[in-house]
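Here is the structure we will look at.
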Amino acid sequence: MKRFIYADNAATTKLDIEAFEAMKPFLLDEYGNASQPYAFSRTAKTALKEARATIADCIGAQLEEIYFTSGGTEGDNWIIKESAFADVEKRATITSQIEHHAVLHACAAIERLGYPVAYLPADCKGVIAPEKLASYITGKTRLVSVMYANNEIGTMQPIKELCTVAHSHGALFHTDAVQAVGHVKIDVRDINIDALSASAHKFNGPKGVGFLYVKRGTKLLPYMDGGAQEFRLRAGTENIASIVGMATALRKNCELIEESTLKARQMEMVLLSALDESGIAYNRNGTNQIPGNISLSFRGQSGEAILHRLDLMGICVSTGSACDSVNTEISHVLQAIGLDESYAKGTIRITLGTHNTTDDAITIAKSIIKILQKKA
Ligand code: PLP
């Protein structure tokens with residue numbers, strides 16, 4: 001019997017068992033510092049190199065284009081802040097109104113220092129139009145940063161087109177791909193992207209570790225000053241166990257991507273069909289959603305109340321972005337897509353992952369129906 005149904009995989013995911021097993025030796029016996037020259041550190045050094053190669057391979061990058069970080073927040077801060085400081089002639093940044101706070105607050109920080117930032121609007125489905133970007137960009141823009149997939153409503157952006165617009169104006173293009181890496185196929189070479197940030201705990205890896213991809217030849221200033229780790233650009237003794245766990249989880253997720261996508265789409269369909277059959281009206285937010293992301297708005301309801309009722313029934317969902325669970329105001333994403341307040345307040349986010357089943361999807365739907373029909 002399951003203790004609860006976890007359906008908040010956009011907030012974090014369960015650690016993959018193979019990733020856990022791969023991490024264990026580096027937590028116990030192979031504790032050598034990868035920077036040391038003696039034989040005992042060789043295993044750690046080799047593991048670091050292999051993990052970098054695995055991750056590079058999963059996204060179509062080269063080994064020396066992968067920098068290990070403490071997660072998505074660090075990758076976003078690194079590229080946004082260091083890009084602003086890198087070129088006195090080009091100090092401007094463009095991002096979107098629907099980014100995660102890791103991007104928005106990093107942008108606010110550079111704005112406070114006098115570096116200009118423009119915020120692209122999204123349409124009612126959460127899409128950032130490439131034509132809009134073309135109308136915002138100037139010769140002073142050094143970096144455009146638009147997320148791959150939105151964490152609240154799941155919308156995936158036309159990343160390749162946005163990237164092309166940025167390049168045609170001489171700007172670099174970064175994407176916060178925290179919600180996408182390990183969930184959809186990404187080939188950085190094909191998109192021709194300059195930078196991408198990712199986080200292991202969103203793809204069944206451990207928490208507190210991630211990576212930043214930066215295309216070879218792109219000027220990148222160090223974010224953490226100190227030792228010579230990460231090609232002298234990100235100082236600090238490497239967390240080998242977590243890096244190995246991240247690489248193992250990513251490789252596994254990428255190998256199973258087609259299977260997982262089919263399963264996620266089926267779970268979405270089952271859940272939505274059950275709601276449709278009940279006659280309960282709802283708005284599904286977003287478009288071209290990342291597999292498993294279902295953002296639903298029930299008019300005149302309270303998303304908070306639904307979340308707590310589901311919690312009492314052993315079901316974990318979210319009202320919006322997990323990083324904002326203390327903030328009960330309407331999220332900046334729902335505001336940016338212009339969702340009417342009567343719907344926005346009644347929004348819940350269900351994110352189904354690799355450990356969910358169609359039975360979970362049915363139970364979630366039935367529980368929502370009970371709550372909204374005031375039978376629970
Ligand atoms: N970017 C997006 C789109 C996210 O969803 C998150 C986490 O929810 C982050 C960045 C932050 O990632 P991390 O928790 O690894 O710092």
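Each residue takes its place number in the sequence, starting with 1. Since we're looking at a predicted model, the values are computed, not measured. Both counts, for ligands and for their atoms, begin at 1 and track the order of listing.
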Check whether the ring centres of Tyr343 and Tyr282 lie less than 6.0 Å apart, and answer yes or no.
no
Please state which part of [X] comes within less than 4.0 Å of ligand 1, counting heavy atoms only: side chain, backbone, both or neither.
{"X": "Thr73", "result": "both"}
{"X": "Glu74", "result": "neither"}
{"X": "Val103", "result": "neither"}
{"X": "Lys202", "result": "side chain"}

Is Phe68 reachable from Leu250 through a run of I, L, V, M, F, W or Y residues, each pair having side-chain heavy atoms under 4.5 Å apart?
yes
Does a side-chain N-to-carboxylate-O contact under 4.0 Å join [X] and [Y]?
{"X": "Glu89", "Y": "Arg142", "answer": "no"}
{"X": "Glu238", "Y": "Arg52", "answer": "no"}
{"X": "Lys24", "Y": "Asp29", "answer": "no"}

Is Arg91 close enough and on-axis enough to Tyr115, meaning under 6.0 Å and within 45°, for cation-pi?
yes
Counting from 1 in the order shown, the ligand 1 atoms closer than 4.0 Å to a non-hydrogen atom of His100 are 1 (N), 2 (C), 3 (C), 4 (C), 5 (O), 6 (C), 7 (C), 8 (O), 9 (C), 10 (C), 11 (C)
Per-atom filter on ligand 1: closer than 4.0 angstrom to a heavy atom of Gly71 are 15 (O)
If you measure from each heavy atom of His101 to ligand 1, is any distance below 4.0 Å?
no
Close approach, Glu99 and ligand 1, non-hydrogen under 4.0 angstrom:
no
